[in-house]
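The structure under discussion appears below in the form of structure tokens.
Ligands are counted one by one from 1 in listed order, and the atoms in each one are counted from 1 as well. Please read these numbers as outputs of a predicted model, since none were measured by experiment.
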Amino acid sequence: MLKPSQFTDLHNCRYEFFCLFVLQDNKECFSDDVLPNGLSVGKGDIVFYAPYAMGRMERLWGEDAIAFRPERWLDERGEFLPESPFKFTAFQAGPRICLGKEFAYREMKIFAAVLLRFFVLALHDKDASVNYRTMITLYIDQGLHLTATARGIV
Ligand code: HEM
């Protein structure tokens, strides 16, 4: 059985993953407007934003922005500290924020908890380089080959 702290760990990992590996999205302007940085946009303009780039910006996340460091989502007591969805944009923000966000997190945690409860996973080839293909959705080039060994059930 996973302890609550391990669920927190899974939650941090999800955040860290989505912060680094969501590519891009776009919006169409409903009316003429001015963005917070002073840029004017007109009705019908399409505005693209790039969570992939935002997730790597040191200005937003600090000097170690590029590092996979799930602890960054914890406060000093080790409790999960959610970030503004306008900064952590994987699920977007505002009235059209992803309706399935919590469902998606729950689903991923249950899947990971069950998988890790029954199997130990190890890289098939520890020396192989792991790269992703830059496409609309990111996936691992050539796949990530793992060896799954059943855990002894206690
Ligand atoms: C990792 C998984 C997911 C990611 C990264 C994700 C991300 C997003 C993003 C970026 C949007 C666009 C929001 C906008 O246009 O401002 C969105 C919309 C939406 N998502 Fe998700 N989503 C995920 C999973 C799910 C799941 C599992 C469901 C349903 C069970 C779901 C339901 C929706 C719905 C209904 C909308 C439209 C909301 C609206 O336009 O009002 N999503 N999602």
- Message: Does any part of the side chain of R56, heavy atoms only, come nearer than 4.5 Å to the side chain of W61, both counted from C-beta?
- Response: no

- Query: Considering only heavy atoms of A90, which atoms of ligand 1 have at least one such atom less than 4.0 Å away?
  - Reply: 5 (C), 7 (C), 10 (C)

- Would you mind listing the cluster partners of I46? Hydrophobic ones only (ILVMFWY), side-chain contacts under 4.5 Å, chaining allowed. F48

- Is there a side-chain contact between F86 and Q92, using heavy atoms and a 4.5 Å cut-off? no

- Do the charged groups of D64 and R72 touch, with an N to O distance under 4.0 Å? yes

- Query: Can you find an N or O of R96 that's nearer than 3.5 Å to an N or O of ligand 1?
  - Reply: yes

- Item | K27 N/O to ligand 1 N/O under 3.5 Å | yes

- Message: Looking at R133 and D141, is any side-chain nitrogen of the basic one under 4.0 Å from a carboxylate oxygen of the acidic one?
- Response: yes

- Message: Side-chain heavy atoms nearer than 4.5 Å, only ILVMFWY residues, links allowed to pass through others: does that put W73 and L60 together?
- Response: yes

- Message: Show the atoms of ligand 1 that are less than 4.0 angstrom away from any heavy atom in F103.
- Response: 27 (C), 30 (C)

- Item | Q92: numbered ligand 1 atoms lying under 4.0 Å from its heavy atoms | 13 (C), 14 (C), 16 (O)

- Show which atoms of ligand 1 fall inside a sub-4.0 Å distance from at least one heavy-atom site of A104. 2 (C), 24 (C)

- Task: Quick one: look at C98 and ligand 1, take heavy-atom pairs under 4.0 Å, and tell me if it's side chain, backbone, both or neither.
- Result: both

